[in-house]
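Convention: sequence-line order gives letters A, B, ...; per-chain numbering from 1. Worth saying up front: this structure is predicted, and the values here are computed from it rather than measured.
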Amino acid sequence: MAILLDETTRVVVQGLTGREGSFHALRNRDYGTQIVGGVTPGKGGQDVEGIPIFDTVATAVAETGADASLIFVPARFAADAVFEAADSGVSLIVCITEGIPAHDEAGFSEYVRNVARSASGGHPVLIGPNCPGLISPGKANIGIMPPEICRDGRVGLVSRSGTLTYQVVHELSQRGIGQSTCVGIGGDPFIGTKFIDLMPRYEADSETDAVVMIGEIGGEEEERAAEWISKNMTKPVVGYVAGFEAPPGKKMGHAGAIVSGSKGTAQAKAEALEANGIRVGKNAAEVAELVAEALA
Amino acid sequence: MAILLDETTRVVVQGLTGREGSFHALRNRDYGTQIVGGVTPGKGGQDVEGIPIFDTVATAVAETGADASLIFVPARFAADAVFEAADSGVSLIVCITEGIPAHDEAGFSEYVRNVARSASGGHPVLIGPNCPGLISPGKANIGIMPPEICRDGRVGLVSRSGTLTYQVVHELSQRGIGQSTCVGIGGDPFIGTKFIDLMPRYEADSETDAVVMIGEIGGEEEERAAEWISKNMTKPVVGYVAGFEAPPGKKMGHAGAIVSGSKGTAQAKAEALEANGIRVGKNAAEVAELVAEALA
Amino acid sequence: MDLFEYQGKQLFAKAGIAVPEGRAATTPVEAELAAAELGGSVAVKAQVQVGGRGKAGGIQIAADPLEAKAHAEAILGMDIKGHTVRRVWIERATTNIAEEYYASFVLDRANGGYLGMCSAQGGVDIEAVAESDPTAISKVHIDPLLGIKPYHVRQMIYGAGLSDAAVKGASELLTKLFNAFVESDAELLEVNPLVLTEDGEVMALDAKVSLDENAIFRHPEYEELRDTFATDPQEMMAKEQRLNYIKLGGEVGVIGNGAGLVMSTLDVIAQAGGKAANFLDIGGGAQADVVAAGLDVIMSDENVRSVLINIFGGITRGDEVAKGITEAFSKIDVKVPVVVRLDGTNATEGRTVLAEFGDAGGRLISAETMLEAAAKAVELAKSS
Amino acid sequence: MDLFEYQGKQLFAKAGIAVPEGRAATTPVEAELAAAELGGSVAVKAQVQVGGRGKAGGIQIAADPLEAKAHAEAILGMDIKGHTVRRVWIERATTNIAEEYYASFVLDRANGGYLGMCSAQGGVDIEAVAESDPTAISKVHIDPLLGIKPYHVRQMIYGAGLSDAAVKGASELLTKLFNAFVESDAELLEVNPLVLTEDGEVMALDAKVSLDENAIFRHPEYEELRDTFATDPQEMMAKEQRLNYIKLGGEVGVIGNGAGLVMSTLDVIAQAGGKAANFLDIGGGAQADVVAAGLDVIMSDENVRSVLINIFGGITRGDEVAKGITEAFSKIDVKVPVVVRLDGTNATEGRTVLAEFGDAGGRLISAETMLEAAAKAVELAKSS
């Protein structure tokens with residue numbers, strides 16, 4: 001049944017009346033996603049190609065029964081938009097916006113993860129910010145992923161990088177390997193959902209047979225996820241890490257070095273994945289080959 | 001095995017070097033409670049009758065393996081003390097201090113309930129503030145309840161009022177009815193633990209056969225608990241509500257009336273309890289009689 | 001503690017919230033001067049902490065200072081539902097009101113945070129609106145760790161359906177109102193009516209403010225506000241002594257420790273056929289002098305025929321209470337019998353103190369149980 | 001974006017944090033004047049964003065203005081690990097240091113909040129301390145919704161074992177430091193050494209500050225700070241155009257959308273036997289002019305022998321990128337072959353735009369796949 005998103009998900013779009021918001025929301029609707037409303041303060045009562053606009057997310061959710069929100073508002077208003085979505089009762093929040101200050105991200109990530117409650121109980125799931133969104137091919141797409149590169153299938157994919165996700169999905173699809181759900185979790189230092197949060201969902205999903213995990217330099221989320229996978233996951237996972245040739249990362253004073261030590265390089269991550277029994281492709285094409293082998 | 005507190009609980013006391021703190025902490029220790037440390041900033045390294053003092057709760061917990069904290073610090077420092085306890089990894093925080101500003105209470109109650117994590121997983125439990133603490137007779141006592149009025153036994157008791165708790169416990173003990181755990185949850189508008197939070201624990205406790213719930217005027221926690229009890233509880237519950245002759249409550253503008261309507265009077269509460277099948281005593285002595293009947 | 005309108009508006013003005021300019025006055029001459037300073041037509045408003053002053057004639061419009069003086073003369077000293085008017089508030093009359101709204105922030109114990117409310121139907125009996133058309137009031141929960149964010153304000157304003165013309169001004173005002181709510185440690189800030197003027201300005205025409213007395217250590221200036229409230233002589237005396245005292249009018253004086261035990265004591269006195277003269281909670285950890293001060297206040301109430309002191313010690317110690325009682329008997333004229341019931345922490349020591357002091361000529365009686373103590377106190381009140 | 005010491009100290013001073021008084025100078029004469037204004041002995045400190053300036057002779061003490069001038073003369077223009085010194089900071093010398101500590105606040109991605117650190121072993125290589133004696137550094141997690149509370153500060157200070165004499169001053173300083181950390185949207189504020197003077201004062205003798213560029217909309221004044229950083233001509237040009245460009249020194253110019261895809265592109269270029277000349281991420285939703293500006297910057301890098309444009313459209317649209325490429329070819333002199341690979345959103349439309357434009361005399365080459373594109377670009381770079 002895919003994870004997080006399917007054809008029954010009802011989505012409101014914050015910032016639907018903007019240029020990017022309307023372009024992608026309508027594209028998402030064309031794909032079959034239930035885009036049931038938009039939110040722009042002061043434009044309540046209008047509509048965008050038949051999609052009703054509301055002044056607040058709370059009203060939009062009350063009127064449409066939405067259980068997900070997709071956020072396209074500019075960076076300076078994005079934190080408020082995430083808080084608003086978090087308090088509206090939706091279960092899934094997807095924030096596409098890039099360029100949000102890290103202090104804002106730290107605050108709303110914490111609020112969504114620990115404080116806000118969805119109408120269905122538990123805390124909502126925030127995907128992003130600064131992410132491409134997610135797609136369950138053949139069912140629904142929310143965000144900016146180009147759906148034509150996807151195929152309906154049984155491989156889950158989770159990635160910190162947007163365009164690299166497309167690249168890997170593309171390679172998979174070209175080999176006839178379809179996807180259950182592809183999630184771009186975003187590459188910012190503070191994100192709502194990390195690799196380790198999604199692995200249990202893929203493991204439990206009856207429509208997923210294998211998972212691709214696409215990492216980047218920085219942080220140690222790949223390492224943490226690898227450990228979890230090695231201990232708990234029965235389905236094959238194929239890894240990829242970009243950035244072997246990346247410029248040396250910004251060094252956050254001595255404090256950064258004290259905290260992260262030598263962790264965070266592509267080399268260290270790839271080694272950590274392999275040490276936990278996860279095969280790592282050296283480029284997107286090889287990742288797709290490894291997935292094909294794992295499924296064979 | 002009682003709830004929340006037993007002979008294995010290891011307690012640090014914030015404000016142990018103060019007058020009230022040392023009086024009650026030593027009395028708690030005399031009762032058999034494991035008082036393993038005290039916390040007073042700047043007095044780390046000293047001791048009070050053999051109890052080591054630390055500068056911070058974090059150090060006290062690390063050095064003593066404490067899993068509970070008892071707070072006696074003055075009102076103006078109390079919020080900070082609760083936050084400190086909440087972040088120290090303990091599972092149980094008991095705040096005796098009265099006179100804490102409501103805005104402080106709102107903040108730390110929320111933090112303990114939704115954000116902080118105890119070392120054993122989950123959020124810590126905050127009892128109070130402005131409460132007498134709790135006692136599992138024959139096992140341990142933390143707080144200011146006079147233990148000599150209690151008897152070891154099988155009746156749980158939870159109360160918003162401190163001295164009224166003593167009164168009811170006294171009446172029970174005089175009739176030979178002992179208690180499993182007596183919890184004074186405090187009477188302030190914002191408290192860490194409410195009736196409804198404790199009922200499932202009593203219901204699950206193999207050493208509790210019946211529960212006494214002592215309410216006060218104001219709020220609607222008695223009503224909420226009564227509903228929960230009627231739906232979920234198999235053990236008998238006896239209720240008491242003080243305040244039939246109370247001066248009319250402070251009216252918080254129209255806003256207060258809009259929010260609470262006619263709820264909150266002793267009459268309304270007693271009726272709500274009875275409507276949910278809970279017998280209500282008209283004074284402490286009668287409560288004890290009803291408990292005796294329920295156990296017979 | 002509840003503020004008078006004029007104090008609330010002064011608090012609002014400090015927080016940058018638009019309110020009509022005004023002056024407080026305690027005499028007709030002061031009112032005349034205030035009106036002259038303000039210029040133009042003014043409203044003369046009785047300062048009482050009770051609703052319905054408009055209907056009672058406590059609000060009058062004056063075209064000039066002389067008329068203001070005359071109105072003040074009529075209003076000062078007026079009795080409004082038992083409250084004597086001791087002060088009027090003279091403010092510039094707001095004559096260009098386009099719309100009247102309602103807004104408030106209040107502590108929300110049920111949901112563990114703050115509640116913001118707003119309605120487009122202000123200036124009327126908002127409780128009746130809440131009753132007849134609950135959806136006309138938008139209610140927004142605000143997490144105390146998060147504080148107010150723009151979306152909360154939008155939910156209040158759009159949820160209440162304020163006019164487009166009011167959105168910007170109301171947003172700014174509500175944000176300031178919330179900040180004042182937190183910074184002043186308020187239990188309630190309420191504006192009714194919040195008005196939109198024909199010029200598009202949004203301002204607070206009334207101010208209901210309730211402050212948290214526990215937060216006085218952060219706001220030492222509240223001490224002054226507190227002094228202006230009590231009118232009853234016992235309550236006045238109790239305030240001075242920092243006692244948690246409320247007069248009830250019966251004949252059995254009550255002292256107890258802990259609100260619950262005291263309320264329960266009032267109830268058992270009623271069950272025994274009496275009526276309590278007062279509620280007096282000496283709180284946790286009270287020292288001897290507090291008990292003595294409490295007895296002193298109760299003795300000044302002429303209705304009192306007997307006193308019931310009901311103590312179950314926890315943080316309060318029985319010996320301290322007993323010392324307070326003996327101190328009171330030594331220092332003040334205890335005219336009526338006092339029934340004492342001590343249990344809990346150091347109760348034995350306390351009973352010893354009392355026993356050593358003696359029965360003060362039959363005026364100091366010990367009781368074993370709470371019910372027995374109540375019965376005795378009621379009986380003594382009736383027989384004296 | 002990282003600040004120079006003098007900028008960091010100015011930020012600290014604004015936040016009320018005690019720092020030695022000082023002046024920035026770009027010439028020896030300015031340095032002399034600054035020393036004269038400050039009076040007494042001063043430290044002359046090279047302003048470079050690299051460690052080890054002390055060992056390199058970039059910090060000197062001057063007893064008087066003339067000596068300050070002489071030191072400035074020696075230090076200005078000095079090369080420290082590839083960084084040219086363009087500015088010195090003249091500050092009053094702190095001569096009564098009793099103890100040297102370390103303190104910092106940093107964004108903590110792993111635990112989703114802020115991390116405060118403190119050590120009694122400051123003024124030294126703190127990374128070595130972290131390695132050899134991790135318990136010498138207290139580390140305190142701070143929840144972003146809660147912010148700093150007194151207990152966090154106590155945990156930092158008592159956890160690090162600062163002297164009793166420093167507790168009060170350090171508490172105040174750390175609280176201000178945290179407030180500055182939040183208010184300035186910093187990624188890092190670090191003080192090493194934080195000193196306790198013999199007079200009992202606690203002050204920051206150094207200031208390492210890293211600010212979040214995403215927060216510039218809240219701090220328009222950061223624009224100025226940003227201008228002083230880039231030294232490389234391409235990076236300078238890229239900054240002016242607001243491009244996310246980093247020079248790498250290889251021969252294959254790279255443009256891509258999304259950091260991950262661009263990094264992956266660098267990797268596949270290496271796998272194909274080449275080396276990328278740069279990292280350039282045009283980001284999501286880039287318009288034609290951004291692509292053109294990117295090509296312009298890359299063309300100014302004389303090492304570049306070929307360019308690889310690798311676009312997988314999402315929010316970026318292939319037709320916009322294609323338009324940017326054709327614009328660049330029309331406006332600027334594209335001296336080297338450009339290999340283009342387009343996929344994703346509006347890729348078909350983009351390929352049509354390129355096909356209509358033609359191959360620009362063999363300089364505009366399309367590729368089907370990322371690996372094919374990388375192989376072609378590397379081959380072209382080697383053969384040109």
Side-chain angles (χ1 to χ4, degrees), chain A residues 12 14-15 37-46 52-63 69 71 73-90 93 95 97 100-101 103-119 123-124 126, chain C residues 99 101 103 105-120 133-179 182 196 200 202:
Chain A
V12 294
Q14 293 173 253
V39 177
T40 302
K43 296 196 176 171
Q46 303 181 8
I53 305 298
F54 302 90
D55 291 313
T56 66
V57 181
T59 314
V61 167
E63 297 286 324
S69 184
I71 298 176
V73 309
R76 74 170 67 209
F77 306 116
D80 191 53
V82 175
F83 284 120
E84 180 173 7
D87 270 357
S88 72
V90 298
I93 303 165
C95 183
T97 311
I100 302 174
H103 284 261
D104 289 3
E105 295 181 346
F108 65 63
S109 296
E110 171 73 5
Y111 189 76
V112 172
R113 184 174 278 264
N114 284 321
V115 180
R117 298 271 167 190
S118 71
H123 302 296
L126 167 65
Chain C
E99 300 191 12
Y101 306 133
F105 290 103
V106 65
L107 295 177
D108 183 9
R109 64 190 294 167
N111 297 300
Y114 309 132
L115 185 71
M117 293 194 277
C118 189
S119 177
D133 183 11
T135 62
I137 301 174
S138 60
K139 295 179 189 170
V140 176
H141 171 75
I142 300 168
D143 185 280
L145 295 175
L146 189 58
I148 205 161
K149 297 283 175 187
Y151 79 91
H152 293 121
V153 176
R154 290 197 302 273
Q155 285 179 1
M156 290 174 72
I157 289 175
Y158 288 115
L162 305 196
S163 299
D164 286 350
V167 169
K168 190 162 175 294
S171 297
E172 289 169 10
L173 190 143
L174 288 182
T175 305
K176 286 175 184 168
L177 194 66
F178 180 85
N179 291 336
V182 172
L196 171 68
V202 176

Counting heavy-atom pairs closer than 4.5 Å to chain C, which one of A:Asp80, A:Thr59, A:Asp55 comes out on top? A:Asp80
Step by step, work out the side chain to side chain contact (heavy atoms under 4.5 Å, CB included) result for A:Asp87 and C:His141. CA-CA 9 Å; A:Asp87 270 357; C:His141 171 75; 5.7 Å; no
Quick one: does C:Tyr151's side chain have a donor or acceptor within less than 3.5 Å of a partner on A:Thr56's backbone? no
Value for CD (C:Gln155) from CD (A:Glu84), rounded to nearest 0.5 Å, stands at 5.5 Å
How many angstroms lie between atom OH of A:Tyr111 and atom CG of C:Leu145, to the nearest 0.5 angstrom? 9.0 Å
For A:Val115, which atoms come within 4.5 Å of any heavy atom of chain C: side chain, backbone, both, or neither? side chain
Considering all heavy atoms of both residues, which atom of C:Leu146 and which atom of A:Phe83 are nearest to each other, and what is their separation? CD1-CE2, 3.3 Å
